[in-house]
J.: 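Pasting in a structure now, in structure tokens, and then I'll have a few things to ask.
Order of appearance sets the numbers: ligands from 1, and atoms from 1 within every ligand.
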Amino acid sequence: MHSIREERKPVFNAELIEKAARFRGVDEDPTRNLSACPALVLNADYTPLSYYPLSLWPWQTAIKAVFLDRVDIVASYEREVHSPSLDMKIPSVIALRQYVKQSEFPAFTRFNVFLRDRFQCQYCGSHEHLTFDHVIPRRMGGRTTWENIITACAPCNMKKGGRTPRQAGMPVHQAPIRPTSWQLQQHGRLFPPNYLHETWRDWLYWDIELEA
Ligand SMILES: [Zn+2]
């Protein structure tokens with residue numbers, strides 16, 4: 001009984017985790033609503049700073065950065081802002097002038113484990129009721145590391161209990177590894193937000209379109 005309780009972890013809904021990672025809900029967050037004219041932020045090499053969550057700035061931040069000479073405007077919305085001294089179209093895509101170097105390895109967080117595993121139970125493939133599982137149970141010395149933690153749905157987590165995948169007859173879909181930031185970004189591209197401005201598409205999917 002004790003070991004089963006030890007293996008049980010709180011159930012997290014992938015959507016809730018995603019929301020938490022973005023800090024705010026759609027209504028309060030101007031970057032999550034296309035009518036609020038957020039700017040897609042590209043690094044100096046014209047790749048998005050982040051795919052997931054997509055790197056977006058509120059239009060006020062984007063315009064401020066333009067005036068501080070920190071970014072170049074790549075594309076704009078039709079909408080304009082007016083002030084006594086200028087009329088200006090709101091930027092829809094901006095590129096940083098100074099390249100921001102990404103760290104090679106991402107932090108070991110719940111969100112990043114989900115992203116590595118594409119928000120999918122590594123035992124049955126479910127996207128529902130996601131939580132985490134120690135592949136080698138803790139009571140057998142399994143550690144809480146990239147290499148021993150996988151995304152699992154709550155039913156699989158319960159079913160497996162304090163056993164190894166072999167003992168439980170539940171093979172792991174993909175052996176867990178410590179991903180690089182690049183690998184996580186690649187996975188992030190699989191989850192585009194459901195609002196995309198037309199001027200963003202060139203910067204998000206150009207390689208896919210070339211293949212088509
Ligand atoms: Zn499952």
Side-chain angles (χ1 to χ4, degrees), residues 1-29 31-32 48-56 102-196 204-205 207-208 211:
M1 194 62 202
H2 179 67
S3 65
I4 288 172
R5 201 175 62 220
E6 236 185 15
E7 285 305 313
R8 225 196 223 164
K9 275 152 236 107
V11 175
F12 292 97
N13 177 302
E15 249 170 67
L16 289 179
I17 293 281
E18 184 189 338
K19 242 180 224 170
R22 295 181 182 199
F23 302 114
R24 290 173 293 189
V26 179
D27 296 340
E28 310 135 63
D29 187 345
T31 64
R32 295 191 65 194
L49 273 186
S50 162
Y51 283 94
Y52 193 75
L54 197 57
S55 50
L56 300 173
Q102 317 266 19
S103 60
E104 189 181 352
F105 292 103
F108 179 52
T109 63
R110 292 159 191 254
F111 182 78
N112 283 342
V113 170
F114 278 162
L115 191 52
R116 180 199 62 186
D117 297 339
R118 297 181 170 92
F119 294 86
Q120 216 171 4
C121 172
Q122 293 299 295
Y123 296 115
C124 75
S126 169
H127 292 280
E128 304 284 316
H129 307 297
L130 296 182
T131 179
F132 302 94
D133 185 60
H134 284 76
V135 178
I136 305 296
R138 277 184 292 188
R139 68 180 176 88
M140 295 182 188
R143 294 185 304 146
T144 305
T145 60
W146 278 115
E147 293 83 1
N148 195 48
I149 294 289
I150 59 171
T151 304
C153 69
C156 284
N157 184 273
M158 291 283 286
K159 191 172 143 201
K160 178 168 171 279
R163 299 175 293 174
T164 66
R166 179 189 282 265
Q167 287 168 342
M170 297 169 66
V172 176
H173 176 64
Q174 203 152 34
I177 55 150
R178 181 193 188 193
T180 62
S181 293
W182 185 82
Q183 286 169 320
L184 273 200
Q185 285 294 307
Q186 291 302 106
H187 285 194
R189 305 181 72 159
L190 303 172
F191 302 93
N194 49 19
Y195 56 95
L196 289 175
L204 297 177
Y205 302 113
D207 49 348
I208 293 169
E211 279 169 17

J.: Sequence neighbours excluded, which residues qualify as side chain to side chain contact (heavy atoms under 4.5 Å, CB included) partners of Phe105?
T.: Arg178, Thr180

J.: If only atom types and distance count, is the side chain of Ser50 paired as donor or acceptor with the main-chain N or O of Ser55 below 3.5 Å?
T.: no

J.: Side chains of Trp146 and Arg116, heavy atoms from C-beta outward: is any pair under 4.5 Å?
T.: yes

J.: Using the test side chain to side chain contact (heavy atoms under 4.5 Å, CB included), find all partners of Thr164 that sit at least two apart in sequence or belong to another chain.
T.: Ile136, Pro137, Met140, Arg166, Gln167

J.: Could you point out which residue of Thr144, Ile150, Ile149 forms a side-chain contact (heavy atoms from CB on, under 4.5 Å) with Phe132?
T.: Ile149

J.: Would you list the protein N, O or S atoms within less than 2.8 Å of the Zn ion (ligand 1), leaving out water?
T.: Cys121 SG, Cys124 SG, Cys153 SG, Cys156 SG

J.: Sequence neighbours left out, what pairs pass ring pair (Phe, Tyr, Trp, His ring centres under 6.0 Å) with at least one residue falling in residues 154-184?
T.: none

